[in-house]
Amino acid sequence: MSVDLSTRYLGLDLAHPVVPSASPLTGDIDHIHALVEAGAPAIVLPSLFEEQIEHDAMAVHYSLEMGADGFGETPDGFFPRLDDYNTGPEDYLDLIRRAKAEVNVPVVASLNGVSTGGWTLYAQILADQGVDALELNIYRIAADERQSSAEVEQGYLDLVETVKRSVTLPLAVKVGPYFSSMADMAVRLTDAGADALVMFNRFYQPDIDIETLEVTPNLVLSDPVELRLVLRWLAILHGRVATDLAATTGVHVADDAVKALLAGATVTMMASALLRHGPGRLTEVVSGVADWLERHEYESVAQARGSLSYASAPDPEVFERTGYMKTLKSYVPSW
Ligand SMILES: Cc1cc2nc3c(=O)[nH]c(=O)nc-3n(C[C@H](O)[C@H](O)[C@H](O)COP(=O)(O)O)c2cc1C
């Protein structure tokens, strides 16, 4: 393979830009081994969720502060031994330790917090385990009718700033696309300390079962068509924000990864396709990207990156209003 696929993401040197994103596949050490054997250049672990671990993570924190035998009466009550409890955070920390010890690629931990104190405490706990970078999975539904969009946005920025101050690790921030001004938010998240933006979090939409009259929160894996939204924002933001851009949602085959790179992604991430087809899909995507670059006479990923971004596209209007109008007018009914 003569084409240079090397990529620098979050200050980490990666062999190529196709990274498994947070999913159950990266939550299991055997699967992590399989992904690395398939060529994964880094691993993003699933998120540690604050709601699930509130008590345990505090217990870990206390144990770190008080020594191994330090459990006892505290001002907040009695903290039980970790093995008496929900084993979530201990398992997570163990996964980090094993991944760091057993595979030779960077390990990115992911955190999904609730309270400001929780985000910073758990960020520090994860950093203490020696992870190479941290991804903040900010999954918020702005459902409070009394909270303005400015307040919602400020919440994101305060959070990123606070976590950035509390750890020295490179920080990726995974967000959804639902901001009134995505470009402005991207700049402000970068200013607040995001070293990478991971675009985009998928908001899992509950369905309604009209027979049982129940709301059903079933998870649907992504479809490649969902990549389009990501492509637009990669293209618009590439070169205009001083941060890495990771593409997540809808990367299923090599062509998807190529599109994301051309739009401006620093790395492309995969979850659904790996869950459906297994780690071998990652190998296929990497070699497909290399083939494509060779066939199109690119010497490196770096050379191709962003060549169809807003700044470089022959017709940047396709990303904006004129593109919208042209697209609607171009539709020809097939019947
Ligand atoms: C079963 C499942 C579990 C996931 N768990 C997490 C998670 O813990 N943290 C996170 O940030 N994203 C999580 N994701 C989202 C993926 O990392 C990814 O961003 C999303 O699925 C879109 O990418 P895809 O189209 O390649 O699936 C999960 C996705 C799936 C399908």
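As the structure lists them, so they are numbered: ligands from 1, and atoms in each ligand from 1. We're numbering straight along the sequence, starting at 1.
Between F200 and Y178, the gap from one ring centroid to the other reaches at least 6.0 Å.
Contacts between F200 and ligand 1, counted as non-hydrogen atom pairs separated by less than 4.0 Å, are absent for every part of the residue. Contacts between V44 and ligand 1, counted as non-hydrogen atom pairs separated by less than 4.0 Å, are absent for every part of the residue.
Ion pair D195/K164 flagged as a salt bridge, since at least one NZ, NE, NH1 or NH2 atom sits closer than 4.0 Å to an Asp/Glu carboxylate oxygen. Using a cutoff of 4.0 Å between basic side-chain nitrogens and carboxylate oxygens, R97 and E90 are scored as salt-bridged. Taking a cutoff of 4.0 Å between a charged side-chain nitrogen and a carboxylate oxygen, D94 and R98 do not qualify as a salt bridge.
At under 3.5 Å, not a single nitrogen or oxygen of A273, backbone or side chain, sits near a nitrogen or oxygen of ligand 1. Considering backbone and side-chain N/O atoms, N201 never comes within less than 3.5 Å of an N/O atom of ligand 1. Ligand 1 has a nitrogen or oxygen under 3.5 angstrom from a nitrogen or oxygen of S272. Of the N or O atoms in R202, none lie within a sub-3.5 Å distance of an N or O in ligand 1. Between T248 and ligand 1, an N or O atom pair is found at a separation short of 3.5 Å.
For atom 5 (N) of ligand 1, the candidate residues are P20, S47, A22; the nearest heavy-atom contact is made by A22. Taking each of T26, L221, L111, D223 in turn, the one with a heavy atom nearest to atom 31 (C) of ligand 1 proves to be L221.
Here the protein heavy atom with the shortest distance to atom 21 (O) of ligand 1 is Y204 OH, 3.5 Å. Annotation: atom 22 (C) of ligand 1 to nearest protein heavy atom, T249 OG1, 3.3 Å. Of the protein's non-hydrogen atoms, K174 NZ, 3.0 Å is the one closest to atom 12 (N) of ligand 1. For atom 25 (O) of ligand 1, the nearest non-hydrogen atom of the protein is S222 OG, 2.5 Å. Protein heavy atom closest to atom 2 (C) of ligand 1, with residue, atom name and distance, is P24 CD, 3.6 Å. Scanning all protein heavy atoms for the shortest distance to atom 26 (O) of ligand 1 gives A271 N, 2.8 Å.
Within ligand 1, counting atoms from 1 as listed, the ones closer than 4.0 Å to a heavy atom of N137 are 9 (N), 10 (C), 11 (O). Atoms of ligand 1 found under 4.0 Å from any heavy atom of L275 (numbered from 1 in listed order, with element): 31 (C). The M270 neighbourhood of ligand 1 comprises atoms 26 (O), with distances under 4.0 Å to a heavy atom of that residue. Every atom of ligand 1 is numbered from 1 in the order shown, and the set under 4.0 Å from a heavy atom of P46 is 8 (O).
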Checklist entry - Passes side-chain hydrogen bond (donor to acceptor under 3.5 Å, both in side chains), H252 versus S222? Steps please. => result CA-CA 9 Å; H252 285 228; S222 72; 2.8 Å; yes
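Between S21 and M270, every side-chain heavy-atom pair lies at or beyond the 4.5 Å cut-off.
Counting only N and O atoms by type, the side chains of Q154 and D158 include a donor and acceptor under 3.5 Å apart. A donor-acceptor contact under 3.5 angstrom links the side chains of S47 and N137, judged on distance only.
Scanning all heavy atoms of the two residues, the minimum distance from M199 to W233 falls at CE-C, 4.0 Å. In terms of heavy atoms, E153 sits closest to S180 at OE2-N, 4.3 Å.
Summarising the local packing, CD of Q147 is surrounded by more than 12 heavy atoms from other residues, nucleotides or ligands at distances under 6.0 Å. In I208, the CD1 atom is not crowded: 12 or fewer heavy atoms of neighbouring residues, nucleotides or ligands sit closer than 6.0 Å.
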